[in-house]
Every structure is written in structure tokens, then in C-alpha cells.
Amino acid sequence: MIRARFAPSPTGYLHIGSARTFIFNWLYVRKHGGALVLRIDDTDIERNTEASLNSIYEGLNWLNLGWDEFYRQSERLELHRKLAFGLLAKGLAYRDFMPAATDLEDRPHGQGPWLCNPEMRALSQSASDARAAAGEPFAVRFRVHREPSREISFCDEVYGPQSKMTADIEDFALLRSNAMPTYHLSSCADDIDLGITHIIRGQDHLANTFKHVLLFEAAGAPLPSFAHLPLLIAPDGAKLSKRKHGPVVSVVTYRDNGFLSLAYINFLCLLGWSSKDNREQMTLAELQSAFGFEGVHRSNAVVNFSDADPIDPKALWLNSQHLRSMPVTALAPLVRRVLEDHGLRPYGDDVFFDRVVDTIRTRFSTLLDFPTKGRAYFADDFHIEKQALDKLDAPGARELLRALADRLQADPDFTESSVEAQLRKLAEERGVKAGVLINASRAALTGQPVGPSAFAVFICIGRERTIARLRKV
RNA sequence: GGCGCUAUCGUCUAAGGGUUAGGACGGAGCCCUCUCAAGGCUCAAAUAGGGGUUCGAAUCCCCUUAGCGCUACCA
């Protein structure tokens, strides 16, 4: 039974890179059957905020994939401390009474990495106990075995065999001097306790994994399998950050821009992973069955955005593809919600609404297009664009539209084909090209020079409103 | 500085010794057409550089370069 976890720390909104990690975890678990644990890694009390936690939920809720179990590390501190003190008792860890190095430049640079504070590592058990008993604050560090230096290795599902000498691994902290566990400790303690079998996370943890291997080993726990994911980066090659790159890095930005979560999930999956047959537009079910670590790349992927084009064009394209191809019954409620948000209420019943949505979605690329470009389908007070006005200003156009209104009023059917027949007949009688009347009609009905087939537009606007709008111009 | 990872069109990627280096987005053009999309067709666009190995290298090896990550009592 597979058990994977997604472990965000609440220091900001849900980052798109984190969202992708979550999605890959979800896909893997759902494909192979198992449980997905959502674990909030909130042991850094200095930086964590409740607001961040809420915005992470907000992002996750939009993705709407769900999870099976939930934990907060801040509620499991005793478990973490128990592991640290157990290691301390066995001599696999030691107390460090030195104050925290606040400035990295304090460390001797130039000849290799900082490994430990030798006096602290060498402190006798009794001296250490005495100082602790006297109330002196201390951090607890893992005692990395180095003499002789040993090779630590594991096989990453994505990056393959990895190894590193213990001579290159510093005595990392387990417990801070405020008694709070560090990431390494709490993460491993929880992974062990929660029976995590697969750790799927960002590549920024690849080098940390050696420490984790050491910790699993010291705790006598079996090693889970690891899969590290390439990072998502900005076009300038830098790590995506809100400070530098703005809202593009937050998932809710895409929600707020009218993206379908399934389309955005699809887009994110294509960054750093590809299916064997190179398919791009995929449903969740297709992603689930196609996903595997073999298809995950080892190099970072650039999210392609710019000031002129703040959203990756491929994401937009995928969204429009999904918008067109998903079942209308699934799309309609989403459109209804966005219309409500804009103070619009659909005309007619559900069947009629579905038909309208199905017709106009063929030219739209986001949900936001429905209340904006599609406003005329849901309200009478729509803007008439300049180019539409030009069509109405064509010689005789307005009079023709009024004549058409009369014919339609006399037409008992009002179907696409009956309307087309009436319109073409009128055009022929008056000796004008049908196109002129067709384009003028679209302009009168929607205020736009572009849109779906005009005959479909007539039906979507509805008989009464059509007649009224044709006469009003 | 040390350790590790990576390198194919602008971007996402396919090809894991033999291909005119393929596809997608975006760009340009054509067709279709009541407009605009969609769709179809076409064009421009890439193996970071240098050495090996080999009959043959995008692919294997080495070096260089560049980028990224870790090197915190952040995660």
C-alpha cells in the first residue's frame, strides 16, 4: 500500500511549483492505489502564519483533487522531540551550546563546508548533561559519522543512483535552542510515524536527502523511495518568487483569471513531465493512467510569462481546449458562478443555458470571457463595439434589420434553419448579399463584429430579445 | 569556496548509436467561411563549446562554459 505526502509550509500562498508537487503526488497515489497525506510543515513558528495556511487551502481547494489524511506538525512536536532525545541518549546526536550563527559569512569559507563546532561535538556526556541541567540553552545536532568517511547512497526514482561522502555532510540541527524541531527532524520523524512509502518533492531537497537517509537509518526505520521533481523557474532562469515575479507564481491567480482547474492541472503536468506518446491535452483520468516517474525530466522547466504576456500562452491554449471539449454539464455550473460574480443571471431554463454555453464557448478561452465578451447573452445592457457599429451603419442596414424583425415575429418556428431561411429570403428579395444582413444581425444582437454563426446567435439570444434588439438599432 | 544536479527550436518537449532531429504553444502564410475562432495544410525556428570512443554521436566518455540546488537553530 502506497502512502505519499504533500507537506507545504505555511509561509505564503500556494506556489505553482508546490501545486505541481501536490498534483504529482496525487496522480501517483491514485494511479497505484494508496493514501495521500496532507501534512502542514509548520515547525518554524517565526515565519508561519494562519493567513498563509488559509491561502494554501484556498489554492488546494481550487485544484479540487482532495487528500485522504491530514496532520499538522505543530501538533506532533512530542513525537519529533522523542526521536531527537532518543538519538541523543544513544550518542547519535549531541547538544550544541554555541549561539546560532546568524551571519553565514561567520563561517570559515574557502576550504570546504562547515561541518560542526568541534568543541561541542567532542563535549563529554556528563559535561553536556551538567550544562543542560544548569539551564543553558542548546540545539541538538546529528552526529554524522565521519571517521572513516562513509558513502551514503540511495536511488532516486527520477535522478537515479545518488551518493555522497559523510565528509561532505555537516552535523545538521535536529532541535533548535527554543526546543522546536527543525525541518529535517520533524519531516523524517513524521514520515516514519505516518508510514510514508514514497517521498515525492522538489529537487531542492535532493541534496538534503542524504541527511534524511542518515536519520532514517539512525531511527531504525526502512527507507522510503524518493522521487525528486525538477524545479519550475522564471524566464530569467531565477527561482519563481512573488517578490520578483508577482502573482504569476500563485495558483489562485489562475483561478481568478478564469482558468478551469483541470486545464491548469494539465498545464502544470506538462512542465517537467511528458507522456510516452507525447499527448498534451489530457483529462484527469488520462493523466492518472499516463503518469510515471520515467516521464519526469531532470532539468528545470521555465514557466513562460512576460510583462506583455503575464500568463504562459500554452496554459491559455490548454484552457481553451478544455473549455471547448469538456462536458457542457460540467462547465455550465462554473459559468453560472462566474456570471453571478459579475451580477449576471442567465435567461431561460437549464436546457437553454446549456445550449448558450455550448455555443459561445467555441470562441472563448477562459471563464471570464462569459461575463465579458459574452455579456450580450446574459444582459440587455451590453456595449456596442466600434466595428459592430460600422456594420449597422452600412447603407440600409437598420431598415433591413427592422424588416427582418417583422419576418421573425411572423415565424412560428424560430429555429436556426427557419431563421436562416427567413433571412436569406429577405436578402434575396431586397437584392443584398446575405452576408451583409448576417453580419449586421450579429452586431445588433451582441454588439460585436465577431462571434458564433449568426443563426446560432439568434437562438441563443431568444426570440423576444432578438426582435427587440433588431428593432432598437 | 565545497558538494551535488542539469544542458535539443523563443517556451514545453520527442528521438537513449544510423531519422530530412519529430510534435505542441507562440509567430508567418494559405484553405475553409456570414464574422471571428476552431479545424486542415505550409513556412521560419534547436542538439551550449571543445576533445575523444565508433564505420557512424543529440545519444557513450572527458574537459570547458552556463544555469540551478544544497552548504541555516528556513523549508
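Quantities reported herein were computed from a predicted structural model and do not represent experimental measurements. Every chain is numbered from 1 and lettered A, B, ... according to where its sequence line falls, protein lines coming before strand lines.
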What nucleic acid atoms does Gly272(A) come within less than 4.0 Å of, heavy atoms only: base, sugar-phosphate, or nothing?
sugar-phosphate

Distance in angstrom units between Glu416(A) CD and C34(B) P, rounded
15 Å

Could you tell me the Watson-Crick or G-U partner of C25(B), where both distances fall under 3.5 Å? Say none if there is no partner.
G10(B)

Quick check: does any side chain N or O of Asn257(A) sit under 3.5 Å from a backbone N or O of Thr253(A), one acting as donor and the other as acceptor?
yes

Length of the line joining Ile311(A):CD1 and U11(B):C1', which is rounded to integer Å:
16 Å

When you compare G23(B) with A45(B), how far apart are their C1' atoms, in angstrom units rounded to a whole number?
14 Å

Run the numbers on Arg150(A) and Thr166(A) for side chain to side chain donor-acceptor pair (under 3.5 Å), then give the verdict.
CA-CA 5 Å; Arg150(A) 184 160 71 94; Thr166(A) 51; 6.0 Å; no

Nearest-Å distance once atom C1' is located in both G22(B) and A46(B)
12 Å

Need one value for Pro99(A): base, sugar-phosphate or nothing, where a base atom within 4.0 Å counts as base even if backbone is also close, heavy atoms only.
base

Donor-acceptor contact present, side-chain Asn117(A) to main-chain Glu119(A), <3.5 Å:
no

What contact category does Arg442(A) fall into here, base, sugar-phosphate, or nothing, at under 4.0 angstrom with non-hydrogen atoms?
base

Mind checking the P distance from A37(B) to C43(B)? Whole angstroms is fine.
23 Å

Checking all strands, does Gln162(A) fall into the base, sugar-phosphate, or nothing category for heavy-atom contacts under 4.0 angstrom?
sugar-phosphate

Along RNA chain B (nearest heavy atom to each residue), the more 5'-positioned of Leu231(A) and Asp41(A):
Leu231(A)

Just to be sure I understand the rule, does Gln321(A) reach a base, reach only the sugar-phosphate, or reach nothing, if contact means heavy atoms closer than 4.0 Å?
sugar-phosphate

Heavy atoms only, 4.0 Å cut-off, all strands: where does Lys239(A) land among base, sugar-phosphate and nothing?
sugar-phosphate

Syn/anti state of G50(B) by chi, 90° boundary around 0:
anti

Using a 4.0 Å heavy-atom cut-off, does Thr43(A) contact any base of the nucleic acid, only the sugar-phosphate backbone, or nothing at all?
sugar-phosphate

What's the gap between G29(B) and A66(B) when it is taken at their C1' atoms, as a whole Å value?
37 Å

Whole Å only: how far is the CZ atom of Arg39(A) from the P atom of A75(B)?
12 Å

Over all strands shown, is Gly451(A) touching base, sugar-phosphate only, or nothing at heavy-atom distances under 4.0 angstrom?
base

What's Asn300(A) touching, base or sugar-phosphate or nothing? Going by heavy atoms closer than 4.0 Å.
sugar-phosphate

Given atom CG of Asp236(A) and atom P of A66(B), what is their separation to the nearest angstrom?
18 Å

Rounded to whole Å, CG of Leu318(A) lies from C1' of A38(B) at a distance of 15 Å

Considering heavy-atom distances to RNA chain B, does Leu270(A) or Asn208(A) have its closest nucleotide positioned more toward the 5' end?
Leu270(A)

Run Asn319(A) and His322(A) through side chain to side chain donor-acceptor pair (under 3.5 Å) and show every step you take.
CA-CA 5 Å; Asn319(A) 201 61; His322(A) 281 272; over 6 Å; no

Determine whether a donor-acceptor pair (N or O, by modelled atom type, separation under 3.5 Å) exists between the side chain of Arg121(A) and the backbone of Leu115(A).
no

His297(A) side chain N/O closer than 4.0 Å to the phosphate oxygens (OP1, OP2) of A14(B)?
yes

Look at all strands and tell whether Ser177(A) reaches a base, only sugar-phosphate, or nothing, counting heavy atoms closer than 4.0 Å.
base

Rounded interatomic separation in angstrom, taking NZ from Lys386(A) and P from U35(B):
19 Å

Can you tell me how far C1' in A28(B) sits from the matching atom in U65(B), rounded to whole Å?
35 Å

Whole Å only: how far is the CG atom of Asn319(A) from the C1' atom of A37(B)?
15 Å

Span that lies between the P atom of G27(B) and that of C34(B), in whole angstrom
25 Å

Does the side chain to side chain donor-acceptor pair (under 3.5 Å) test come out yes or no for Asn266(A) and Gln281(A), once each step is laid out?
CA-CA 7 Å; Asn266(A) 189 171; Gln281(A) 189 201 344; 5.8 Å; no

Between atom CG in Leu206(A) and atom P in G69(B), what is the gap in whole Å?
13 Å

In whole angstrom, give me the gap between the C1' atoms of A21(B) and A14(B).
9 Å

For atom C1', what is the distance between C68(B) and C61(B), given to the nearest Å?
24 Å

Could you walk me through whether Glu50(A) and Arg72(A) satisfy the salt bridge (charged side-chain N to carboxylate O under 4.0 Å, His left out) test, starting with their C-alpha distance in whole Å, then the side-chain angles of each, then the deciding distance to 0.1 Å, before giving a yes or no?
CA-CA 12 Å; Glu50(A) 211 59 19; Arg72(A) 279 185 81 148; 3.6 Å; yes

With sugar-phosphate meaning primed atoms plus P, OP1 and OP2, does Phe455(A) contact a base, only sugar-phosphate, or nothing at under 4.0 Å between heavy atoms?
base

Per-nucleotide protein contact along nucleotides 21-33 of chain B, 5' to 3', at a 4.0 Å heavy-atom cut-off (B base, S sugar-phosphate only, - neither), is -BBBS--------

What about Arg141(A): does its side chain form a donor-acceptor pair under 3.5 Å with the base of C73(B)?
no

If you look at every strand shown and take non-hydrogen atoms under 4.0 Å, does Ala173(A) touch a base, only sugar-phosphate, or nothing?
sugar-phosphate

For Ala301(A), answer base if it contacts any base atom (sugar-phosphate contacts may also be present), sugar-phosphate if it contacts only those atoms, and nothing otherwise; contact means non-hydrogen atoms under 4.0 Å.
sugar-phosphate

Answer yes or no: is there a donor N or O on one side and an acceptor on the other, between the side chain of Arg361(A) and the main chain of Arg324(A), under 3.5 Å?
yes

Main-chain N/O of Thr366(A) paired to Asp369(A) side chain as donor or acceptor, under 3.5 Å
yes

Do any N or O atoms from the side chain of His15(A) and from the backbone of Gly17(A) form a donor-acceptor pair under 3.5 angstrom?
yes

Need one value for Pro452(A): base, sugar-phosphate or nothing, where a base atom within 4.0 Å counts as base even if backbone is also close, heavy atoms only.
base

For the side chain of Thr182(A) and the base of C73(B), is some donor closer than 3.5 Å to an acceptor across the two?
no

